[in-house]
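Notes follow the structure.
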Amino acid sequence: MKDFCKTVSLGKVVIIIVYGSVLLLISACGANTHSPASESSVSINSGSLVGFDNDHNTYAWQGIPYAQAPVGELRWRAPRPNTQWIGTLQALAHGPACIQPPNPTAGDNAPEHGSVVGAEDCLTLNVYAPKSAIQSDSKLPVMFWIHGGANIVGSAQQYNGALLAGTHNVVVVTINYRLGLLGWLRHSALREVGASPEDHSGNFGTLDIVAALHWVQDNIAAFGGNPDKVTVFGESAGGRNTWSMVQTPLAKGLFHGAIVQSGSLKIMDAEKSESIDSDAPDYPSYQNNGSEIVGKLVPAFASLGATELAARLRQKTPDEIYSQVTQHPQGMYEQPRLFLDGHVFTEPALSLFNDPAKYNAVPIITGSNRDEDKLFMAFDDQWVNFRLGFLAKVKDKDRYNKAAAFGADTWRYYSVDKPAEVISENGGPSVYTYRFDFDDLSDELIDLPVLMGAAHAMEIPFVFGSHATMPWRFLFRNKEQRSDLSAAMMSYWAEFAYSGDPASGRDGQLPVWQAHGERIMLFDTDNDGGVRMVREPVNIDDIKQRLINDEAFSRKERCEAYPKLWLNGYMVTDAYDSAEHAALCDL
């Protein structure tokens, strides 16, 4: 999730627990182990493995390596194919999270290393399949989940695919991939000693995802999955990574549908990702770039040859690497990731989408949540007061809602409406769009419907069917209607995995997005209008004018918000206009 863990004080940590905003904790299995089920034994390219009996009449196989450990000489290089193991691998527990700052989404089996948790040997995946699947000649659609976490935190172990697999007869795969400075880093020394364009790219986390898709193509049939019917889906950074699979030529033919939940099309400038002037207006997005990190790790690097410098960098421990990061006061940090390197990513997305031959033109669902930014605003004392150190109350409801809408509407425009428009108008594949509006939250102690609303990541427990588990059952109201909403979303997602059309076999649901129809599916409970199609277009110029003209905010506030929204935020930077920004700031 974007900017997760924006807290340091004990009070705000309590807020995370109370609100359940550890939004990735769908099923925190952590280091739990299980007894092997002999009936789940399968053979794949790397050897034999056995899984265990799981919920909802499924088998699960956890912690399966899909590539060699990216350690030693393989750090900051593209993933290498896996090697054979001896004997039968007992795939009974999740692999550890990849290296990241300490946070709850890493799970409870993430080793601690000073300023970081997790492991470099982390390229594992998990498979959930109906028990009948591995003995059947009819192979099932595969749903390949990419976790969120700003590409800096998170892990696959927080998502239990059993209910989705067992209820809708699909095979679910969840993966770990390298994060943060070990997943995305560019520097000339690393390029000079790399063996391939992939090694030179710096997009190592992206290449891990591609490698996991190759693993699916080679092995998923053993679990009852159909390698010719793979749908990639993910939320937040996972949505960004899902869009990245649509964009990269290296994933061509590896998947056949994409579901983007609150994603982003942002691919960053390769040159700036290596070095940028700290006075540049977009520097906040490129802080902790390659030159900064390398200069701190090896102060005398300018006098070293590329081979020696690369060797010294690979000798550093993860803790030493992350100790050089310039962090926000809240404990998180910014860094460049997903680079326009000319190989993994060749053009900006909206340019690619003008020609279906330039990208992986598969059917797409893309959507966002009505109140995305409220997840982050709810922990910010700019917008809320904290009673007893943790009970939050919005300072000014009108200003709060307006400020949240600037970000959420921009999010929707650049990840939903705009790409759908460009793809549809240029002969691309079917694109289906949605907005998640569910806000039937508890207001007993805190006014969560206002404070959080339909915030970022709130749709995840509906997609995985975990809305009745903790902490959701504490946060959510209206169990019967939210159960119906979850069943509907799971059905749409699964139908899309089967046919590339979420409305197949259903009457009038999620039709193809039309460039001039401005139609979007709203997901909500019946009390608030239900699941329905609406015509509620958003326009970036209208959003900008709302900010520029809204006197509920001071000129200084509007001036500071402008680059945060349209230059250094999560979305593409197309909307940023330096002259317009200067005029707003009265510079």
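These values consider heavy atoms only, across backbone and side chains, with no hydrogens, waters or symmetry-generated copies.
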>> Looking at Glu580, I'd like to know if its CD atom is crowded, meaning that more than 12 non-hydrogen atoms belonging to other residues, nucleotides or ligands lie closer than 6.0 Å.
In response: yes
>> Before we go on, tell me: are the rings of Phe204 and Tyr177 under 6.0 Å apart, centre to centre?
In response: no
> Does Tyr562 have its ring centroid less than 6.0 Å away from the ring centroid of Tyr576?
Replying inline: yes
> Taking NZ, NE, NH1 and NH2 as the nitrogens, is one of them in Asp542 or Lys544 under 4.0 Å from a carboxylate oxygen of the other?
Replying inline: no
>> Run the side chain to side chain donor-acceptor pair (under 3.5 Å) test against Asn126 and tell me which residues pass, sequence neighbours left out.
In response: Thr174
>> My understanding is that only residues two or more places apart in sequence, or in another chain, count here; which of them pass side chain to side chain donor-acceptor pair (under 3.5 Å) with Ser368?
In response: none
> Which residues satisfy the ring-ring contact (aromatic ring centres under 6.0 Å, His included) test with Phe353, sequence neighbours excluded?
Replying inline: Trp243, Tyr359
>> Suppose we screen for ring-ring contact (aromatic ring centres under 6.0 Å, His included). Which residues come up paired with Phe144, at least two apart in sequence or across chains?
In response: none
>> Using the rule given for side-chain hydrogen bond (donor to acceptor under 3.5 Å, both in side chains), can you reason through Glu459 versus Gln261, listing the C-alpha separation, both sets of side-chain angles and the distance that settles it, and then say yes or no?
In response: CA-CA 8 Å; Glu459 86 286 0; Gln261 300 171 209; 2.9 Å; yes
> Do any pairs count as a side-chain hydrogen bond (donor to acceptor under 3.5 Å, both in side chains) and have a residue in residues 344-355, sequence neighbours left out, and if so which ones?
Replying inline: Glu347-Ser351, Glu347-Lys358, Asn354-Asn426
> With a 4.5 Å limit on heavy-atom distance, are the side chains of Leu265 and Pro419 in contact?
Replying inline: yes
> Heavy-atom distance under 4.5 Å between the side chains of Thr573 and Trp566, does that happen here?
Replying inline: no
Which heavy-atom pair separates [X] from [Y] by the least distance, and what is that distance?
X	Y	answer
Tyr66	Asn176	OH-O, 2.6 Å
Val153	Leu179	C-CD1, 3.8 Å
Met489	Val463	CE-CG2, 4.1 Å
Ala270	Leu340	CB-O, 3.4 Å

> Which residues satisfy the salt bridge (Lys or Arg N to Asp or Glu O under 4.0 Å) test with Arg80, sequence neighbours excluded?
Replying inline: Asp199
> CE/Met268 to CG/Asn203 distance, rounded to the nearest 0.5 angstrom?
Replying inline: 11.5 Å
